[in-house]
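Here the structure comes first, spelled out in structure tokens, and everything after it is commentary.
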Amino acid sequence: MAPRAGARLVVAITPADVGERVTTRRRAPGGYRDAVGVLESWRDGVLTVRKRDGSLVEIDEETLAAAKVVPPGQPR
């Protein structure tokens, strides 16, 4: 069986994307954590993402492994 090529992790968001829906993957103890939602702010090296359930996730930009803008979510 041939080895599988790994995914290339790219951070493709900037502070200019505040207000956009994003998906993020960050390094955390024991692996990675993901958050999808609206990028509400990016100040002093900390991003805040508002998830669909209304919770707010703070992400230190130095822990970002991958991120990109994504289309709006489907209504529930």
Side-chain angles (χ1 to χ4, degrees):
M1 180 179 215
R4 292 179 53 154
R8 194 176 107 212
L9 301 177
V10 175
V11 176
I13 62 173
T14 71
D17 293 312
V18 168
E20 298 290 336
R21 184 168 181 261
V22 298
T23 181
T24 63
R25 174 161 286 178
R26 64 194 181 278
R27 291 178 296 281
Y32 291 95
R33 299 288 311 259
D34 296 335
V36 177
V38 175
L39 179 60
E40 289 202 347
S41 69
W42 189 330
R43 290 188 200 105
D44 301 323
V46 178
L47 295 75
T48 55
V49 175
R50 177 81 56 188
K51 294 171 48 173
R52 179 183 282 186
D53 66 5
S55 63
L56 193 63
V57 178
E58 291 188 345
I59 303 167
D60 184 340
E61 72 179 299
E62 291 183 6
T63 66
L64 279 177
K68 65 181 180 180
V69 174
V70 293
Q74 298 294 324
R76 287 186 167 200

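The side-chain contact (heavy atoms from CB on, under 4.5 Å) test with Arg21 is passed by exactly one of Val49, Val36, Val69, Leu39: Val36.
Within the 4.5 Å cutoff, the side chain of Leu47 has heavy atoms near those of the Ile13 side chain.
Using a 4.5 Å cut-off between side-chain heavy atoms of Ile, Leu, Val, Met, Phe, Trp and Tyr, with links allowed through other members, Val38 and Leu64 fall into different hydrophobic clusters. Put simply, Val46 and Val57 are part of two different groups of oily side chains (I, L, V, M, F, W, Y) that touch within less than 4.5 Å, one to the next. Criterion: ILVMFWY side-chain heavy atoms under 4.5 Å apart, direct or through other members. Under it, Ile59 and Val11 are part of a common hydrophobic cluster.
Minimum heavy-atom separation, Ala65 to Leu9: O-CB, 3.3 Å.
Applying the salt bridge (Lys or Arg N to Asp or Glu O under 4.0 Å) rule to pairs touching residues 37-62 yields Glu40-Arg50, sequence neighbours excluded. Sequence neighbours left out, the pairs with a member in residues 24-35 that pass salt bridge (Lys or Arg N to Asp or Glu O under 4.0 Å) are Arg25-Asp34.
Looking at Thr24, its side chain never comes within 3.5 Å of a backbone N or O of Ala67 through a donor-acceptor pair.
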